[in-house]
Amino acid sequence: AQSVTQLGSHVSVSEGALVLLRCNYSSSVPPYLFWYVQYPNQGLQLLLKYTTGATLVKGINGFEAEFKKSETSFHLTKPSAHMSDAAEYFCAVSVKTTDSWGKLQFGAGTQVVVTP
Amino acid sequence: NAGVTQTPKFQVLKTGQSMTLQCAQDMNHNSMYWYRQDPGMGLRLIYYSASEGTTDKGEVPNGYNVSRLNKREFSLRLESAAPSQTSVYFCASSEGPTDTQYFGPGTRLTVL
């Protein structure tokens with residue numbers, strides 16, 4: 001079965017600084033990887049996803065993530081944080097097997113605080 | 001398009017009461033899902049429906065039942081609510097099993 005680990009439940013960044021959120025996964029078959037964002041009192045919104053092909057994936061709001069198979073990682077970055085980036089971020093993995101059937105396995109989430 | 005809608009937005013129950021959470025999507029998606037979100041645990045899959053007419057258990061199905069009423073609607077029922085079911089419940093839908101899932105705004109449920 002697949003699993004996801006997000007390093008750091010809370011991250012504080014200064015406005016204009018680099019945002020780096022770490023995600024490691026385990027999977028015995030090639031994974032599909034996702035980053036979702038959740039703003040306060042809202043549902044989850046897809047930031048970006050990796051299925052196959054180019055390992056550097058660009059998403060909405062200036063975010064990008066790189067799939068590194070050798071490191072089993074899918075870290076999320078944004079060069080310059082904005083106040084509006086304050087939210088909770090979830091990494092998720094899915095695999096296409098008869099057992100898992102594409103079920104999304106979520107990490108525990110990372111709360112991002114942006115300070116002026 | 002409204003996307004995924006959920007009702008109610010908030011609910012308070014007493015232990016032992018029952019209720020049904022409603023979910024509807026207008027994107028003509030085949031697959032639908034119910035998750036619960038608890039602090040520090042991310043989202044956990046309760047039940048899913050790969051296509052109209054099928055449902056299956058997820059990671060935490062105990063205490064819940066579901067009905068895929070038609071292609072648009074997927075309801076979650078708590079027959080006898082317990083305090084451990086206090087959570088935020090999200091419905092989601094996707095075109096197929098490995099496609100992007102679109103989430104509703106959530107239902108905040110408190111069981112006293």
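Values reported hereafter were calculated over all heavy atoms of this structure, with side chains retained and with hydrogens, waters and symmetry mates removed. Below, chain A is the first sequence line, B the second, and so on; all start at residue 1.
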Do A:Tyr25 and A:Tyr32 make the cut of ring centroids closer than 6.0 angstrom? no
Using modelled atom types only, decide if a donor and an acceptor are shared between the side chain of B:Asp26 and the backbone of B:Ala2 within a distance under 3.5 Å. yes
Quick check: closest heavy atoms across A:Trp35 and A:Phe74, and the distance to 0.1 Å? NE1-O, 2.8 Å
Positions in residues 60-95 of chain B that reach chain A, provided some heavy atom is under 4.5 Å away: B:Phe90
Under 4.5 Å from any heavy atom of chain A, what part of B:Gln6 do you find: side chain, backbone, both or neither? neither
Which bit of A:Gln38 is near chain B, if near means a heavy-atom gap under 4.5 Å: side chain, backbone, both or neither? side chain
Side chain A:Lys49, main chain A:Gly59, donor-acceptor under 3.5 Å: no
Any donor-acceptor pair under 3.5 Å linking the side-chain atoms of B:Glu59 with those of B:Tyr47? no
Tell me if a side-chain donor or acceptor on A:His75 pairs with a main-chain N or O of A:Cys23 at a distance below 3.5 Å. yes
Give the C-alpha distance, both sets of side-chain angles, the deciding distance and a yes or no for side chain to side chain contact (heavy atoms under 4.5 Å, CB included) between A:His10 and A:Val113. CA-CA 8 Å; A:His10 287 81; A:Val113 173; 5.5 Å; no
Which atoms of A:Leu44 are under 4.5 Å from chain B, going by heavy atoms: the side chain, the backbone, both sets, or neither? both
Exactly one candidate in A:Leu56, A:Val57, A:Leu76, A:Leu47 meets side chain to side chain contact (heavy atoms under 4.5 Å, CB included) with A:Glu64; the answer is A:Leu56
Side chain, backbone, both or neither: which part of B:Leu45 has a non-hydrogen atom closer than 4.5 Å to chain A? side chain
Closest heavy-atom contact between A:Val114 and A:Ser14? CG1-C, 4.3 Å
Looking at B:Gly42, B:Pro39, B:Gly58, B:Gly40, which has the largest count of heavy-atom pairs under 4.5 Å with chain A? B:Gly42
Between A:Phe106 and A:Phe90, how do the two ring planes meet: parallel, tilted or perpendicular, split at 30° and 60°? perpendicular
Heavy-atom donor-acceptor pair, A:Asn24 side chain to A:Glu71 backbone, under 3.5 Å: yes
Under a 4.5 Å cutoff for heavy-atom pairs, which residue among A:Val4, A:Asn41, A:Thr51 has the most contacts with chain B? A:Asn41
Is a donor from one side chain sitting under 3.5 angstrom from an acceptor on the other, for A:Gln6 and A:Thr110? yes
Which members of residues 102-112 of chain B, sorted by number, sit under 4.5 angstrom from chain A on a heavy-atom basis? B:Phe103, B:Gly104, B:Pro105, B:Arg108
